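Here the structure is a predicted model, which means the values were calculated and not measured. Within every chain, numbering begins at 1; the chains are lettered A, B, ... in the order of the sequence lines, protein sequences first and strands thereafter.
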Protein chains: 2
Amino acid sequence: MPSPDRISQTLTSHELRQTPVRRAVLQVLLDSSYALSGHEIEERIGADTDRITLYRTLKTFEDSGLIHRVVDTSDIVRYASCSIECSAHEHFDNHVHFKCTNCHHIYCLNQVAIPAVTLPAKFEAKTRDYLLAGVCRECTP
Amino acid sequence: MPSPDRISQTLTSHELRQTPVRRAVLQVLLDSSYALSGHEIEERIGADTDRITLYRTLKTFEDSGLIHRVVDTSDIVRYASCSIECSAHEHFDNHVHFKCTNCHHIYCLNQVAIPAVTLPAKFEAKTRDYLLAGVCRECTP
DNA sequence: TTATTTATGCAACAATATTGCATAATCAAG
DNA sequence: CTTGATTATGCAATATTGTTGCATAAATAA
């Protein structure tokens with residue numbers, strides 16, 4: 001569990017103001033071992049926070065490089081905290097994501113790098129996302 | 001452009017009834033070089049078809065292996081037609097997808113296979129999705 | 001041509017996400 | 001520590017995407 005200091009430091013280093021909502025959202029995402037939807041974050045930070053503020057906070061965090069969206073084939077956006085080195089200008093989250101078909105959690109496999117592919121002519125890639133689906137560690141008998 | 005025969009044959013071979021909506025939806029998806037959202041399909045097949053019927057048709061097609069969802073980080077589900085060999089039981093669409101940051105189209109790069117990765121212990125993958133983002137062929141100067 | 005099965009369309013609804021605006025909170029300067 | 005400028009918050013209202021139940025219409029098989 002990250003200390004309150006890390007939360008504050010992360011906000012400061014990304015030039016964001018300290019507010020209770022931001023600290024709570026960041027804490028929740030850092031505490032989770034899998035990506036969370038807006039609704040799931042809402043549940044964890046308590047009902048006294050407005051949903052609109054939450055969505056705006058998520059957008060701010062995403063724009064500043066604190067969190068990233070996780071790829072999926074569903075219609076629900078899920079977020080996970082970025083590695084410490086990410087910024088508004090550059091993301092370093094080139095890790096594979098794993099979606100469990102049993103518990104439906106999406107994990108960041110930080111230790112598994114995304115392998116490169118060779119693209120056809122005139123296609124130029126800047127970011128890459130890799131999503132695996134199957135049964136996760138917790139759900140394997 | 002696929003002939004009407006191919007549409008009918010595809011429906012028959014997947015044990016689906018021939019209806020105007022199904023033929024129209026399948027035609028639209030086969031004609032498109034990039035993945036389409038429900039709304040985009042709706043626009044292309046004309047306003048006289050109910051949105052609910054469209055969504056049910058898409059679900060039916062997906063379950064039968066005629067079309068597949070395309071991975072993305074957005075909250076909008078996009079569909080593309082599957083290769084001919086796909087069925088309800090097994091998908092053979094292990095190709096890379098490419099999302100253009102300029103025109104926002106998502107292309108199926110059928111000729112680019114998804115490279116394998118080595119997973120941590122007790123993670124078992126069944127399906128894989130790979131999404132690249134950058135500038136596509138049409139938008140490159 | 002008829003009977004059975006299944007797709008369609010309507011109405012109503014649920015969930016996710018966004019915009020404008022007034023108020024409240026944060027932070028920096030004195 | 002207080003003040004002032006800036007920015008985040010919360011409310012109201014709304015947009016978009018997707019779903020469920022049910023009666024009717026259409027498609028296939030006999």
Side-chain angles (χ1 to χ4, degrees), chain A residues 4 7-28 35-64 66-79 88 104 106, chain B residues 4 7-28 35-64 66-79 88 104 106:
Chain A
I7 304 285
S8 297
Q9 280 173 21
T10 305
L11 288 172
T12 303
S13 70
H14 288 83
E15 297 180 333
L16 295 174
R17 288 191 176 182
Q18 311 279 335
T19 74
V21 175
R22 289 179 176 179
R23 269 193 289 267
V25 171
L26 193 50
Q27 180 85 60
V28 159
L36 300 175
S37 66
H39 181 65
E40 288 168 332
I41 298 170
E42 206 181 349
E43 285 177 335
R44 283 166 169 74
I45 61 176
D48 37 318
T49 302
D50 198 75
R51 207 169 64 252
I52 296 149
T53 302
L54 170 60
Y55 282 118
R56 277 194 278 229
T57 300
L58 291 172
K59 179 162 173 37
T60 302
F61 281 4
E62 196 188 356
D63 291 344
S64 303
L66 272 80
I67 63 176
H68 63 275
R69 290 177 179 225
V70 170
V71 276
D72 195 7
T73 53
S74 91
D75 59 333
I76 297 171
V77 179
R78 285 172 199 279
Y79 293 94
H104 303 294
I106 303 181
Chain B
I7 303 285
S8 296
Q9 281 172 20
T10 305
L11 288 172
T12 303
S13 70
H14 288 84
E15 297 179 334
L16 295 173
R17 288 193 175 180
Q18 311 277 337
T19 74
V21 176
R22 288 180 175 178
R23 269 191 289 267
V25 171
L26 192 51
Q27 180 84 61
V28 160
L36 298 176
S37 66
H39 180 66
E40 288 167 333
I41 298 169
E42 205 181 349
E43 285 177 335
R44 283 166 171 73
I45 62 176
D48 38 320
T49 303
D50 199 74
R51 206 170 65 254
I52 296 150
T53 303
L54 170 59
Y55 281 117
R56 278 194 278 231
T57 300
L58 291 172
K59 179 165 173 35
T60 302
F61 282 3
E62 195 187 357
D63 292 343
S64 303
L66 271 79
I67 64 176
H68 64 276
R69 289 177 180 224
V70 170
V71 276
D72 195 7
T73 53
S74 90
D75 59 333
I76 297 169
V77 179
R78 284 171 200 280
Y79 293 93
H104 303 294
I106 303 181

Starting from C1' on C:dT26, measure out to CD on A:E15 and report it in whole angstrom.
15 Å

Minimum-distance nucleotide to B:V77 side chain [options: D:dG10, D:dG18, C:dG9]
D:dG18

Would you state whether a donor and an acceptor, one from the side chain of A:R56 and one from the base of C:dT18, lie under 3.5 Å apart?
no

Does C:dA7 have OP1 or OP2 under 4.0 Å away from a side-chain N or O of B:R22?
yes

So, does A:T57 get its side chain near the phosphate of D:dT9, meaning an N or O under 4.0 Å from OP1 or OP2?
yes

Taking all non-hydrogen atoms of both residues into account, name the closest pair between A:A35 and A:E40 and its distance.
O-OE1, 3.9 Å

If only side-chain N and O atoms of B:Y55 are considered, is one of them under 4.0 Å from the OP1 or OP2 phosphate oxygen of D:dT19?
no

Nearest-nucleotide wise, let me know which of B:P20 and B:I52 is further upstream toward the 5' end of DNA chain C.
B:P20

note: A:H39, atom NE2; D:dG18, atom P; distance rounded to Å ~ 18 Å

Spacing between B:R69 atom CZ and D:dT17 atom C1', to the nearest angstrom
12 Å

Heavy atoms only: give me the nearest A:T73-B:V70 pair and the separation to one decimal.
CG2-C, 4.3 Å

Write down the distance between CG (A:L54) and P (C:dA15), rounded to a whole number of angstrom.
17 Å

Between D:dT19 atom P and B:E42 atom CD, what is the distance in whole Å?
14 Å

On DNA chain D, does the nearest nucleotide to B:L16 precede the nearest nucleotide to B:K59 from the 5' side, or the other way round? Give the residue.
B:K59

C:dC21 P sits how many Å from A:D50 CG, rounded?
18 Å

Considering only heavy side-chain atoms of A:D75, the closest of C:dT8, D:dT9, D:dG18 is D:dG18

Please report the distance, rounded to the nearest Å, between CD1 in B:I76 and P in D:dA15.
17 Å

Could you check how far CG of B:D63 sits from P of C:dA7, rounded to whole Å?
11 Å

Intermediate values then yes/no, side-chain contact (heavy atoms from CB on, under 4.5 Å), A:R56 and A:K59
CA-CA 5 Å; A:R56 277 194 278 229; A:K59 179 162 173 37; 5.6 Å; no

If each of A:Q18 and A:S37 is mapped to the nucleotide of DNA chain C with the nearest heavy atom, which maps nearer the 5' terminus, i.e. the 5' end?
A:S37

Would you say the side chain of B:L11 lies within less than 4.5 Å of the side chain of B:L66, judging by non-hydrogen atoms?
yes

Would you say that A:I7 contacts A:Q18 through its side chain, given a criterion of any heavy-atom pair below 4.5 Å between the two side chains?
no

Would you kindly check whether a donor in the side chain of A:R17 faces an acceptor in the base of D:dT6, or vice versa, at under 3.5 angstrom?
yes

Please check the phosphate of C:dT6 (OP1 and OP2 only) for any side-chain N or O of B:T19 closer than 4.0 Å.
no

